[in-house]
2 protein chains.
Amino acid sequence: MASIAAPLKLGSFPDDHHDHKKCVTQALRQADGICTTRGVRLTDMRRQVFALVWQSHNPVGAYEVLEGLRAGAKKVQPPTVYRALEFLLAQGLIHRIESLNAYIGCTVPGDAHAGQFLICRDCGQAAELIDQRIDAAIDQGAKSAGFYVEHPTVELEGLCAHCRSTSEANSHYE
Amino acid sequence: MASIAAPLKLGSFPDDHHDHKKCVTQALRQADGICTTRGVRLTDMRRQVFALVWQSHNPVGAYEVLEGLRAGAKKVQPPTVYRALEFLLAQGLIHRIESLNAYIGCTVPGDAHAGQFLICRDCGQAAELIDQRIDAAIDQGAKSAGFYVEHPTVELEGLCAHCRSTSEANSHYE
DNA sequence: TTTGAAATGTTACAATATAACATTCAAGCT
DNA sequence: AGCTTGAATGTTATATTGTAACATTTCAAA
């Protein structure tokens, strides 16, 4: 049988065939590998936070993560969550969505890259994109202003293909 | 005499010749004109908030604006500031910098456009950019994912030309 | 097995933002 | 001028997001 692609392709939103359990499992495995290789510790707490961020393809707030941890019969405080998030960000295992004050799992960990995101205002899901042309255009635009970009933030809010075609979110003419 | 360009060019940071007073005056005049044309009211409060956002070319936080207002012997509360900011945003007279939770005057008001920003991590100033190639690349990238972009956020943190060439911020090899 | 650095726990608080309801203001009408 | 009405602002209270500072625990290297 043709295997179901558990890891989402770049720039795509999960569809009906998406096996999220598998998706998370794979992300965890990758994270483990990366941390081992780098000699950094993916502790139990960090792993839990990572799993909670990966609970869906929607960006997740820090306090949502906190609640998730607390549901597990622990009494965790905000700093614990923020420290774990900070670690995961530093390792490139998750990204922060600035426009939402929220976090989302990286679909291409291990690769140094600036995340670009498509964020659907209807279903709330976000898809990561790595578009060379966008990067190139940004570099060029900045360069001609004599500006040296270190940390680009590209977050594109709108409607995903699915939400465009279905539903009442579509009350606009085009 | 050759007039000093008070309004900053797109993508440029103020230099030694920048006459900020003139810059603000011009912004206020433009804002007045736009609001008049549209039949919306640039009240005194909104004007003050606008001026405070324009006090520099650094993005300004809502609570900084609040302090600015309070310095003027008023006892203003947060909602007042946020409402004024909301109005100015709706009219496209200012932009919000998501990655800083801060606001900055729009250098091209009246024009419907998605702001793109160069944000210097050293001097803290931000310059607006309207780069067609970036827009085009974004549209294309989104389109090939079947995504319809309504509200793009492009915020490029790094070093401006001036801070790159001068100073200790330059403790990296390139 | 010590021991020192890293990780987490804990307390308290800072910074950013909004809900809900009251009051004031300003423009059009009579 | 005096009404009327919707917009704007005032006011109180609280929600949400994030961090500083110090205590304790854990884990791996010596």
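Side-chain atoms are counted along with the backbone in the values below, which use heavy atoms only and exclude waters and symmetry mates. In the text below, chain A, chain B and the rest are named by the order of the sequence lines, each starting its count at 1.
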Task: Of B/V40 and B/K75, the one whose closest DNA chain D nucleotide lies more 5' - done: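 Nearest nucleotide further toward 5': that of B/V40.
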Open item on the list: Nearest heavy atom decides the nucleotide; on that basis, is B/P78 or A/A102 closer to the 5' end of DNA chain D?
Closed with: B/P78
Starting at [atom1] of [X] and ending at [atom2] of [N], how long is that distance when rounded to a whole Å?
| X | N | atom1 | atom2 | result |
| --- | --- | --- | --- | --- |
| B/Q91 | D/dA8 | CD | C1' | 14 Å |
| A/L89 | D/dG18 | CG | P | 11 Å |
| A/L85 | D/dT19 | CG | P | 10 Å |
| B/Y103 | C/dA17 | OH | P | 4 Å |
| A/L69 | C/dT10 | CG | P | 14 Å |
| A/E86 | D/dT19 | CD | P | 8 Å |
| A/F87 | C/dT8 | CZ | P | 9 Å |
| B/L42 | C/dA26 | CG | P | 14 Å |

Under 4.0 Å between a side-chain N/O of [X] and OP1 or OP2 of [N], yes or no?
| X | N | result |
| --- | --- | --- |
| A/T80 | C/dT8 | no |
| B/Y82 | D/dT9 | no |
| B/T43 | C/dC25 | no |

Which of these nucleotides, [options], is closest to any side-chain atom of [X]?
| X | options | answer |
| --- | --- | --- |
| B/P79 | C/dT8, C/dA17, C/dA19 | C/dA19 |
| A/R41 | C/dA17, D/dT11, C/dA7 | C/dA7 |
| A/N101 | D/dT19, D/dT17, C/dT18 | D/dT17 |
| A/Q77 | D/dT17, C/dA17, C/dT10 | C/dT10 |

Open item on the list: Base, sugar-phosphate or nothing for B/R83? Non-hydrogen atoms, less than 4.0 Å.
Closed with: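 Here B/R83 touches the bases of the nucleic acid.
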- [ ] Please work out if B/R96 contacts a base, only the sugar-phosphate, or nothing of the nucleic acid, heavy-atom cut-off 4.0 Å.
- [x] sugar-phosphate
- [ ] Confirm from the modelled atom types if A/Y63 and D/dA15 form a donor-acceptor pair under 3.5 Å, side chain to base only.
- [x]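 Answer is no: no donor-acceptor pair is held.
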Task: Sole candidate of B/V65, B/I94, B/I104 that passes side chain to side chain contact (heavy atoms under 4.5 Å, CB included) when paired with B/V60 - done: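 Between B/V60 and the candidates, side chain to side chain contact (heavy atoms under 4.5 Å, CB included) is satisfied uniquely by B/V65.
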TODO: Classify the angle between the aromatic ring planes of B/H20 and B/H18 as parallel (below 30°), tilted (30 to 60°) or perpendicular (above 60°).
DONE: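 Correct class here is tilted.
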- [ ] Using atom types as modelled and distance alone, determine if a side-chain donor or acceptor of A/R70 lies under 3.5 Å from a backbone N or O of A/V76.
- [x]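 Answer holds: yes.
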- [ ] Could you tell me if the ring centre of B/Y103 sits under 6.0 Å from that of B/H95?
- [x] no
TODO: Just do the side chain to side chain donor-acceptor pair (under 3.5 Å) check on A/H57 and A/E128 with the steps written out, would you?
DONE: CA-CA 10 Å; A/H57 289 275; A/E128 188 169 356; over 6 Å; no
